[in-house]
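In what follows, a structure is listed as structure tokens, so that the remarks can point back to it.
Computed from a predicted structure; not experimentally measured. When a residue number appears, it is its place in the shown sequence, counting from 1.
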Amino acid sequence: MKSYRAKTNEVKRDWFIVDAKGKTLGRMATEIAKVLRGKNKAIFDPSVDCGDFVVVINAADVKLTGKKLDQKLYRYHTGYVGHLREIPYRRLLAEKPEEVINHAVKGMLPKNKLRRRMMTRLRVFAGAEHTHEAQNPATLEI
């Protein structure tokens, strides 16, 4: 019996929609990362990009447990000496709620050349409206 190797041009990509309202950030991000990677399919191959599209709505209403809103920090470096910036998640969630989910999902994907391609299939919206009605996304229960 021969094992099946998925090919990128043969992969059928579906669209899923996730409502982040009241969901815990980490638990939701792991499920989104599985779908983006393609682990929910029978033809999963770690070396082939066989994931699906995911649309996340209500990103501003995502929940963080414990004291993470005040203690967890988003860090980035500007490129200048001594310019490490830190933003508490409470402020980041108020200003750019899409960035919170993007950052969490990106950290859960493999650190290789496929991650950037997988992240292009993640669409995050702060409110309930999104621009992908034409794709008829199926609801992904988390």
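In this structure a side-chain-to-backbone donor-acceptor pair under 3.5 Å is missing from Lys41 to Arg37. Using a distance-only test at 3.5 Å, with no hydrogens or angles considered, a donor-acceptor pair links the side chain of Arg13 to the main chain of Gly51.
Dense packing is recorded around NZ of Lys23, with more than 12 heavy atoms of other residues, nucleotides or ligands lying under 6.0 Å away. Remark: Tyr80 OH is loosely packed, at most 12 non-hydrogen atoms of other residues, nucleotides or ligands lying under 6.0 Å away. Summarising the local packing, NZ of Lys113 is surrounded by 12 or fewer heavy atoms from other residues, nucleotides or ligands at distances under 6.0 Å. By the neighbour-count criterion of 12 heavy atoms within 6.0 Å, atom NZ of Lys7 is densely surrounded, having more than that number from other residues, nucleotides or ligands.
His77 places a side-chain heavy atom less than 4.5 Å from the side chain of Leu84. Ile87 has its side chain out of reach of Leu73: every pair of non-hydrogen atoms, C-beta onward, lies at least 4.5 Å apart.
Looking at Val56, Ile32, Val55, Asp52 one by one, the single match for side-chain contact (heavy atoms from CB on, under 4.5 Å) with Phe16 turns out to be Asp52.
Across Ala33 and Leu109, no two heavy atoms sit closer than the pair O-CD2, 3.7 Å. What you find for Pro137 and His130 is that their closest heavy atoms are CG-CE1, 4.3 Å. The nearest pair of heavy atoms linking Thr8 to Val48 is OG1-CG1, 3.7 Å. Taking both residues in full, the closest heavy atoms of Arg5 and Ser47 are given as NH2-OG, 3.2 Å, listed atom of the first, atom of the second, then distance.
Residue Val35 is not grouped with residue Ile57 when hydrophobic side chains (ILVMFWY) are merged at heavy-atom distances under 4.5 angstrom, including chains of intermediate members. Taking hydrophobic clusters as Ile, Leu, Val, Met, Phe, Trp and Tyr residues chained together by side-chain heavy-atom distances below 4.5 Å, Ile142 does not share a cluster with Phe53. Note on Phe125: it does not cluster hydrophobically with Ile101, by side-chain heavy-atom contacts below 4.5 Å among ILVMFWY residues. Linking ILVMFWY side-chain heavy atoms closer than 4.5 Å, directly or via other members, places Met119 and Val124 in a single hydrophobic cluster. The hydrophobic clustering, which links ILVMFWY residues whose side-chain heavy atoms are closer than 4.5 Å, places Val100 and Leu69 together.
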Show the numbers, then the answer: is there a side chain to side chain contact (heavy atoms under 4.5 Å, CB included) between Glu86 and Tyr74?
CA-CA 6 Å; Glu86 294 179 341; Tyr74 171 69; over 6 Å; no

Side chain to side chain contact (heavy atoms under 4.5 Å, CB included), that's the test. Do Arg85 and Arg75 meet it? Break it down for me.
CA-CA 6 Å; Arg85 303 287 187 226; Arg75 294 182 176 97; over 6 Å; no

Report the C-alpha separation of Met118 and Arg116 in whole Å, then their side-chain angles, then the decisive distance to 0.1 Å, and conclude whether the side chain to side chain contact (heavy atoms under 4.5 Å, CB included) test is met.
CA-CA 5 Å; Met118 291 176 196; Arg116 184 177 297 144; over 6 Å; no

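Side chains of Arg123 and Thr131: no donor on one and acceptor on the other come within 3.5 Å.
The pair Arg27-Glu31 does not meet the salt-bridge criterion, since no charged nitrogen lies less than 4.0 angstrom from a carboxylate oxygen. Between Arg121 and Asp49 there is a salt bridge, with a side-chain nitrogen of the basic residue lying less than 4.0 Å from a carboxylate oxygen of the acidic one.
Between the OH atom in Tyr76 and the CD atom in Glu99 there is a gap of 10.5 Å [rounded to 0.5 Å]. Here Asp19 contributes atom CG and Asp61 contributes atom CG; the two are 8.0 Å apart, rounded to the nearest 0.5 Å. Rounded to the nearest 0.5 angstrom, Leu25 CG and Met28 CE are separated by 5.5 Å. The CG atom of Leu64 lies 11.5 Å from the CD atom of Gln71; values are rounded to the nearest 0.5 Å. Atom CD in Glu133 sits 10.0 Å away from atom CD in Glu129 (nearest 0.5 Å). In this structure, Tyr89 OH and Lys68 NZ are separated by 10.5 Å, a value rounded to the nearest 0.5 Å.
Partners of Arg90 according to the salt bridge (charged side-chain N to carboxylate O under 4.0 Å, His left out) rule, which considers only residues two or more places apart in sequence or in another chain, are Asp70. Checked against side chain to side chain contact (heavy atoms under 4.5 Å, CB included), Thr139 has the following partners two or more places apart in sequence or in another chain: Ile17, Glu141.
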